Amino acid sequence: MNYWLVKSEPGSYSWDDLKQKNEEVWDGVRNYQARNFLKEMKLKDPVLFYHSGKDKAIVGIAEVTQEAFPDPKDQDAKDWVAVKIRSERDLKVPVTLDKIKQEDSLSEMLLLKQSRLSVMSVAKEDFETILKLSES
DNA sequence: GCCAACGTTGGC
DNA sequence: GCCAACGTTGGC
């Protein structure tokens, strides 16, 4: 099992939006590195949901409900893909970017290293650390 | 509002 | 194929 993180600007699509719809097609990704991660996602992989912009925090956990398929928004039939994710649960306490930065063991997270990447993998240990941080 | 990081475009 | 110009993302 692999672990992932997706970013969204809450103004355009928020965690609440996902909870309301339950399941969503995660499409429109137009970055090769992000696309390659989308292609590696497997059914039931956990996905951290991060709010960029004002929030700057991981707010919930989603789950992959459909593996990569051709992005329906891909007009030119390029090789872009989408997945489906479903909201699983809220984090008890959102894990802010500040908190993540304060945690030495998380300093290698792609979230910190590549601020512009919108879909990324998360190491198992890092995933677990974040869960721990979300408990207090 | 600014700026760093980074991706894309287009001229050469 | 290189690189300057420009656009976008996202943190500060």
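Keep in mind it's a predicted model, so treat the numbers as computed, not measured. Protein chains get the first letters and strands the later ones, always in sequence-line order, with residue 1 at the start of each.
E67(A) pairs by the side chain to side chain contact (heavy atoms under 4.5 Å, CB included) definition with K42(A), L43(A), not counting sequence neighbours.
Closest contact between the side chain of K56(A) and the listed nucleotides dG11(C), dG10(C), dC6(B) involves dG11(C). Side-chain proximity of Y32(A) to dG7(B), dA5(B), dT8(B): nearest is dT8(B). Checking dA5(B), dG11(C), dT8(B) against every side-chain atom of L97(A), the shortest atom distance belongs to dG11(C). Checked against dA5(B), dT8(B), dG11(C), the side chain of S52(A) finds its nearest nucleotide in dG11(C).
The CG-P distance, from L117(A) to dG11(C), rounds to 12 Å in whole Å. Whole-Å rounding puts the W80(A) CH2 to dG7(B) C1' distance at 10 Å. Rounded to an integer number of Å, the gap from N31(A) CG to dT9(C) P is 11 Å. The nearest whole Å value for the distance from the CD atom in Q33(A) to the P atom in dT8(C) is 21 Å. Protein atom NZ of K113(A) is 17 Å distant from nucleotide atom C1' of dG11(C), rounded to whole Å. Note: CZ (R30(A)) to C1' (dC6(B)) measures 18 Å, nearest angstrom. R35(A) has its CZ atom 15 Å from the C1' atom of dG7(B), to the nearest Å. Across the protein-nucleic acid pair, L110(A) atom CG and dG11(C) atom P stand 14 Å apart, rounded to whole Å.
Each of W4(A), Y13(A), F69(A), W80(A) was compared with W26(A) under the ring pair (Phe, Tyr, Trp, His ring centres under 6.0 Å) criterion, and only Y13(A) meets it.
Within the structure, a side-chain polar atom (N or O) of Y50(A) is placed less than 4.0 Å from OP1 or OP2 of dG11(C).
Put simply, the side chain of R30(A) reaches to within 4.5 Å of the side chain of D71(A), judged on heavy atoms.
By the 4.0 Å N-to-carboxylate-O rule, E135(A) lies too far from K132(A) to be salt-bridged with it.
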